[in-house]
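These notes are about the structure you will find just below.
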Amino acid sequence: MTTMPVPTARSMMQLSRDILGLFKLRIGVLIMITALVGLAITPGPSLSLMQVIALAVSVLIASASAGAFNQYFEHETDRLMARTRRRAFATGALPHSPAWLAMIGVMLAGAVVLAGLVLNPVAAAYVFLGAFFYAVVYTVWLKRRTWLNIVIGGLAGSFAVLAGAAAVDPAIGPLPALLALILFLWTPPHFWSLAIANHADYAAAGVPMLPVAIGPQRAARVVYGNTVVLIAVSVLPVFYGAGLIYLAGALGGGLYFIAKARTLALAPGRDAAMRAFFASLVQLSVLLIAASIDAVIR
């Protein structure tokens with residue numbers, strides 16, 4: 001007679017890490033924060049605590065569902081890349097079962113219904129579109145077909161900003177619209193920097209990221225040019241009501257990102273690409289913090 005193995009504390013901890021990693025919660029938290037900043041900068045009536053929580057939870061759950069679908073759909077491609085081969089579906093730590101698709105669908109439906117009931121249908125639509133663009137438009141339709149994959153797929157983050165703004169006022173004003181545009185312009189240099197650092201992986205997996213399509217050297221110059229445009233656009237909210245604190249954050253984080261992107265353009269390499277990648281995170285974090293503080297004191 002055989003006996004079932006008894007789960008150990010270590011195996012249970014690893015299973016918990018696998019499940020949490022499946023939902024890409026670090027990305028989800030960042031997207032949730034962008035939604036809350038979209039709420040903060042939008043003029044209009046104050047939301048109740050329940051409404052703010054509903055916005056945060058619905059965006060986080062929708063993002064988590066999209067992240068899980070991405071890993072479910074790409075489990076075979078993930079095995080070909082050093083950066084992703086330890087993901088739970090790629091290793092077999094979690095079974096690649098249709099039951100996951102049902103759970104992902106329930107999560108997304110629950111997030112959209114929550115936003116629709118507690119906020120409004122426009123905010124709910126943006127919550128849905130954010131997950132849809134990442135899971136379907138980017139992952140299924142574009143990722144393996146064109147280097148424009150992350151350009152169009154980057155709209156996923158922009159929709160989170162619009163969801164937060166629509167929770168206050170369904171008629172999107174200039175400030176949240178500009179922040180959504182900034183998120184749209186931020187995504188390509190952010191991911192292309194990472195793709196330059198891992199271009200051999202993407203080439204081996206047959207994913208036509210920009211560095212694979214045109215080479216790391218030319219891609220690095222595109223990252224630099226895109227970053228300059230991004231920072232120029234990030235200053236525009238000052239002309240629509242944002243104050244000096246926002247301007248200081250936009251310029252401070254932006255100039256840092258430009259400096260690292262310029263270094264990458266002059267001497268493309270993995271280390272320079274990763275420094276540009278992390279600089280993009282610094283730039284966005286500083287901008288979001290400055291936008292939030294500016295909105296509070298305005």
Side-chain angles (χ1 to χ4, degrees), residues 23-24 27-70 104-142 151-187 233-234 236-237 239-242 246 284 287-288 291-292 294-296 298:
F23 296 113
K24 299 187 176 183
I27 297 175
V29 169
L30 179 60
I31 291 174
M32 178 188 73
I33 290 171
T34 64
L36 293 174
V37 175
L39 180 156
I41 66 173
T42 302
S46 298
L47 270 62
S48 67
L49 178 61
M50 179 181 293
Q51 288 175 309
V52 174
I53 292 173
L55 172 66
V57 170
S58 63
V59 170
L60 181 61
I61 291 177
S63 174
S65 71
F69 178 83
N70 173 270
I104 289 166
V106 169
M107 288 174 62
L108 179 56
V112 173
V113 169
L114 174 64
L117 292 177
V118 181
L119 301 172
N120 58 64
V122 177
Y126 286 133
V127 169
F128 170 78
L129 286 172
F132 177 80
F133 262 74
Y134 184 75
V136 178
V137 176
Y138 169 68
T139 301
V140 177
W141 291 346
L142 298 177
V151 177
I152 301 170
L155 282 169
S158 300
F159 283 124
V161 175
L162 298 178
V168 178
D169 183 359
I172 303 298
L175 274 178
L178 281 171
L179 184 58
L181 176 60
I182 291 166
L183 261 293
F184 176 71
L185 293 173
W186 174 85
T187 304
V233 172
S234 72
L236 293 181
F239 299 99
Y240 293 90
Y246 171 83
L284 182 62
L287 183 141
L288 292 176
S292 300
D294 186 76
V296 169
R298 241 186 309 123

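What you see is a predicted model; the values in this text were computed from it and never measured. Residues: numbered from 1 along the sequence shown. Computed over heavy atoms, backbone and side chain alike; hydrogens, waters and symmetry mates excluded.
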Only one of I41, D294, L287, I182 passes side chain to side chain contact (heavy atoms under 4.5 Å, CB included) with P237; say which it is.
I182

Test L114 against every option in L55, V57, I53 by the side chain to side chain contact (heavy atoms under 4.5 Å, CB included) rule and name the one that passes.
V57

For the pair W141 and F132, name the ring-plane relationship: parallel under 30°, tilted 30 to 60°, perpendicular over 60°.
perpendicular

Considering all heavy atoms, the nearest [X]-[Y] contact:
| X | Y | answer |
| --- | --- | --- |
| A177 | I172 | N-CG2, 3.9 Å |
| V168 | G44 | CG1-CA, 3.7 Å |
| A156 | G130 | CB-O, 3.3 Å |
| I104 | S65 | CG2-O, 3.4 Å |

Are the aromatic ring centres of F159 and F133 under 6.0 angstrom apart?
yes

Between N70 and T139, a side-chain donor and acceptor under 3.5 Å
yes

Steps toward side-chain contact (heavy atoms from CB on, under 4.5 Å) verdict (V151, F184):
CA-CA 8 Å; V151 177; F184 176 71; 4.1 Å; yes

When you compare the side chain of [Y] with that of [X], does any pair of heavy atoms fall below 4.5 Å?
| X | Y | value |
| --- | --- | --- |
| V161 | V37 | no |
| S58 | V112 | no |
| F128 | L108 | yes |

Rounded to the nearest 0.5 Å, what separates atom [atom1] in [X] from atom [atom2] in [Y]?
| X | Y | atom1 | atom2 | answer |
| --- | --- | --- | --- | --- |
| L181 | L155 | CG | CG | 10.0 Å |
| L179 | Y246 | CG | OH | 6.5 Å |
| L30 | L288 | CG | CG | 7.0 Å |
| L175 | F239 | CG | CZ | 12.5 Å |
| L183 | I31 | CG | CD1 | 9.0 Å |
| L185 | L178 | CG | CG | 10.5 Å |

Going by the rule side-chain hydrogen bond (donor to acceptor under 3.5 Å, both in side chains), which residues pair with S292 if we only count those two or more places apart in sequence or in a different chain?
none

Restricting to side-chain hydrogen bond (donor to acceptor under 3.5 Å, both in side chains), what partner residues turn up for Y134, sequence neighbours left out?
K24

